[in-house]
Each structure stands twice: as structure tokens, then as C-alpha cells.
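Whatever order the structure lists them in is the order used to number ligands and atoms, beginning at 1. What you are looking at is a predicted structure, and each value in this text was computed from that prediction instead of being measured.
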Amino acid sequence: MAGEKTPEKRAIRLIRSLMPDPDPSDRPVRIIHVCGTHEQTITKHGIRTLLPDNLEVLSGPGCPVCVTPAEDIDRVIALAESGITVLTYGDMLRVPGSRASLADVRAEGADVRTVYSVNDAVRIAEQGVGEVEVVFFGIGFETTAPSNAAVLMNDPPPNFSILCSHRLIPPAMDALIDDRLKIDGFIAPGHVATIIGTHPYDRFAEMGYPIVVTGFEPIDVLFSIVMILKQIHDGRSVVENEYARAVDESGNTKAQEMIDQVFEVADANWRGIGQIRDSGLAIRSEFGDYDARLRYDIAIDPPVDLHPGCSCSMILRALKTPDECELFGGVCTPQTPYGPCMVSTEGTCHNWFRYGGRSEL
Ligand code: SF4
């Protein structure tokens with residue numbers, strides 16, 4: 001077709017052809033994703049600017065750093081201040097806890113270091129046996145849990161432990177459905193599905209939600225929107241796999257077994273959202289020697305998840321966009337993050353500041 005030389009242009013034409021004509025009395029068609037990398041792809045490539053006005057693609061709680069509750073940041077800060085070496089991913093360093101960040105206490109002399117993987121943390125612990133206690137701050141979704149499980153299954157050094165703050169994506173989708181927002185379809189994160197497969201999403205399709213497991217290139221996101229709109233158009237709701245080059249129905253069963261062996265599913269707090277049933281992982285008692293929560297007597301004050309004026313609670317639930325927060329771009333920038341969603345490159349506010357949201361492009 002003349003003028004339609006790229007798959008991206010073809011996808012945009014399909015999106016427009018599948019959308020109903022705009023009607024001021026109708027609410028927009030609303031598709032939600034739960035992945036910081038998808039938000040980065042969408043903002044960086046200006047995908048929202050290409051969509052019809054009556055189609056919203058919103059960001060849910062998909063940034064692992066953003067949803068880590070202040071209480072757990074306060075706990076690792078308390079450990080660092082007591083003389084324990086705390087190791088964490090770089091994105092976590094500047095995320096504000098109730099009164100400070102890990103970067104703040106490091107500046108005051110605490111031994112807080114960034115690592116690229118849990119294996120780096122184990123190596124540092126091995127070098128300090130008999131001298132220092134080492135705690136790895138284990139955050140993230142189903143994607144990072146297997147490597148932490150593998151470490152605990154392989155007799156890490158006795159001075160090593162994990163403060164586990166893993167979260168699970170499907171229960172967060174349940175929470176979004178239970179919230180105020182009316183959702184028409186889900187873009188599911190492809191990297192999570194490489195571990196859990198597509199089956200855990202079947203129940204959402206049975207509830208009537210079209211769902212597409214999606215990769216991370218702009219064309220992946222555009223075609224997932226096409227696939228969801230096609231399901232809506234046809235009156236279907238099934239799980240489709242746009243990311244078949246990396247994901248199959250069963251996922252990585254070996255990784256799933258390792259997660260099951262080391263962790264048990266538990267209720268968990270999500271920053272700005274609150275407690276979600278069965279949405280976290282806790283270290284099983286068999287591995288209790290490596291559980292920093294059991295190993296150390298960690299006293300913290302009542303946590304403050306969000307400070308006054310920060311709208312992360314609404315943003316993580318897709319009830320607001322960053323430009324609707326009064327502090328966005330003024331008080332709160334990536335250089336001066338006031339709330340958790342502004343710190344990480346996966347944070348919605350960070351990406352809207354860096355690349356612009358729909359209204360600014
Ligand atoms: Fe919170 Fe800053 Fe985002 Fe506002 S702009 S919601 S203060 S992180």
C-alpha cells in the first residue's frame with residue numbers, strides 16, 4: 001500500500017481502523033500495561049502521540065523500584081546504619097525511604113554498594129567472611145527471583161543474607177481490576193512471561209479481559225495494541241503471545257521450580273497501593289539462616305510510603321498521569337526525586353520527564 005512502507009505504519013493504520021468512531025459520550029478505550037520497560041518504549045518512541053484520541057494506553061505498577069515499600073527501604077537503611085554492608089541495584093540507591101535514601105546514608109559513612117547481580121553480592125560476602133556481614137536487597141518481579149533462589153540453593157557464605165522484597169505481577173493486575181479504573185485489555189510483560197509462561201494470565205481472559213504478552217520494541221507494543229483491539233472488535237478475550245520469539249505457554253519450568261523451592265507466596269505491601277494478597281515472595285524457613293528479616297533484629301519507625309503532594313499512589317494505579325502531579329518537573333525531577341516514580345529509568349514519572357508524555361509531544 002502506497003505510503004505504508006514500515007510495519008509500524010501498518011500497525012498504526014490497523015489501530016485506527018479497529019477503533020470505534022470517537023463519541024464524546026463514551027469513555028476512551030483503555031489498555032493498561034504493568035511494565036516499566038514498556039513505559040520506557042512507549043514514551044521514548046512517542047507511541048501515545050500516534051494513537052487516536054479515544055484510545056488510552058496507561059501505565060500500572062510495573063517498575064520494581066517504584067513499588068518497593070518504604071518500610072523495606074527503611075529496614076535496609078537501619079541495617080546499613082548498624083554497620084552491615086548493604087548491596088543493591090543502582091536504581092534503588094536514590095529511592096527515598098521514609099526519611100532518607102540509601103544514597104543519603106552512604107554519604108554519611110554507611111557501607112552501601114551497588115552491584116549488577118546477586119552473584120556480585122555473594123563474591124563480596126566471600127571476600128569478607130569473618131569480617132563483615134553482607135545483606136543483599138532482593139527486589140524485583142518474577143524475573144529476578146530465580147537468580148536469588150539459585151544463590152540460596154548453593155550454600156552462600158555464612159555472612160550473606162537477603163532482605164527479600166520480591167513482588168508478583170498477576171496479583172497486581174487483580175488489584176487494578178478491583179480498583180476504580182475500567183480496563184478494556186492488558187499488555188503483559190514479556191520478560192515476566194519468559195519465567196512464568198502465559199498460563200497465569202488465562203484467568204484474566206476468562207474474566208473477559210483481552211491480554212497480549214508483549215516484547216519491548218516499539219513494533220511489539222504497537223502490534224500488541226492491534227491484537228487487543230482486534231479481540232475487543234471481535235468480542236473475544238483470550239491470552240495471545242506477541243513475544244513468541246522468547247515466550248512459550250509453560251515458561252521456564254526449571255526457574256519456576258527454583259522459586260518454589262526457596263520462596264513461598266505471601267501477602268505483600270506495594271508502595272502507594274497497599275497490601276495485595278499473595279503478591280510477594282518470602283524466603284522459606286528452610287533457608288531462614290539467609291533471611292535478613294529473621295537474622296537481624298531490625299527496628300524501624302512507622303513507615304511513610306509517600307510524602308505530601310506526591311501522586312505516585314494514583315500513578316502506580318493508572319488513575320493519574322505524571323503531568324497531573326503538581327510537583328512534576330518542578331520540585332520533583334530525576335536530579336531531585338521527591339517520590340519513587342521519578343528515580344528509576346523504569347519509573348513512569350522519570351520517563352515522562354525524560355521523553356515527554358502525550359500532551360508534550
Ligand atoms: Fe511523585 Fe514526583 Fe511523580 Fe509527583 S512527579 S507523583 S512527586 S514521583
Side-chain angles (χ1 to χ4, degrees), residues 30 32-44 46-49 56-74 76-77 88-105 137 139-141 165 167 172 175-176 179-181 183 189 268-276 302-361:
R30 202 169 279 141
I32 192 159
H33 72 77
V34 279
C35 173
T37 313
H38 279 151
E39 183 59 21
Q40 192 178 54
T41 300
I42 290 165
T43 49
K44 186 173 181 180
I47 286 176
R48 289 191 180 94
T49 66
E56 291 181 344
V57 177
L58 300 173
S59 173
C63 159
V65 165
C66 309
V67 301
T68 300
E71 61 181 299
D72 282 352
I73 298 172
D74 295 349
V76 288
I77 285 175
T88 186
Y89 299 122
D91 270 6
M92 201 69 231
L93 204 61
R94 294 194 309 129
V95 179
S98 298
R99 62 173 173 81
S101 66
L102 282 163
D104 293 332
V105 295
F137 193 12
I139 67 152
F141 299 122
S165 195
R167 298 291 179 268
L176 288 172
D179 213 335
R180 282 179 262 160
L181 202 65
I183 298 168
N269 275 331
W270 293 57
R271 193 165 196 171
I273 297 177
Q275 190 170 78
I276 302 177
V304 180
D305 240 8
L306 297 177
H307 293 286
C310 175
S311 299
C312 280
S313 167
M314 304 290 275
I315 285 163
L316 289 165
R317 292 150 63 212
L319 297 172
K320 267 190 178 182
T321 52
D323 54 349
E324 294 174 302
C325 173
E326 287 183 3
L327 306 182
F328 177 74
V331 169
C332 186
T333 70
Q335 287 72 42
T336 58
Y338 183 75
C341 301
M342 188 56 92
V343 180
S344 166
T345 55
E346 294 193 46
T348 302
C349 296
H350 180 104
N351 279 301
W352 279 56
F353 182 89
R354 195 162 175 201
Y355 301 115
R358 179 183 189 128
S359 57
E360 295 171 39
L361 290 174

Exercise for review: Verify side chain to side chain contact (heavy atoms under 4.5 Å, CB included) between L181 and R317, making sure each step is shown before the conclusion.
Suggested key: CA-CA 8 Å; L181 202 65; R317 292 150 63 212; over 6 Å; no
Practice item. Verify whether one side chain among S101 and D104 offers a donor that lies under 3.5 Å from an acceptor in the other. Key: yes
**Study point:** CA sep, side-chain torsions, deciding dist, call: T68, S165, side-chain hydrogen bond (donor to acceptor under 3.5 Å, both in side chains)
**Key:** CA-CA 7 Å; T68 300; S165 195; 4.7 Å; no
**Study point:** Parallel, tilted or perpendicular, as decided by the 30° and 60° cut-offs, for the rings of W270 and F141
**Key:** parallel
Check your understanding: Can T321 and E324 be said to form a side-chain hydrogen bond (donor to acceptor under 3.5 Å, both in side chains), step by step?
Key -> CA-CA 6 Å; T321 52; E324 294 174 302; 3.2 Å; yes
Review point. Near atom 1 (Fe) of ligand 1, which protein N/O/S atoms fall under 2.8 Å?
Key: C310 SG
Review point. For the side chain of H33 and the backbone of G62, is there at least one donor-acceptor N/O pair under 3.5 Å apart?
Key: no
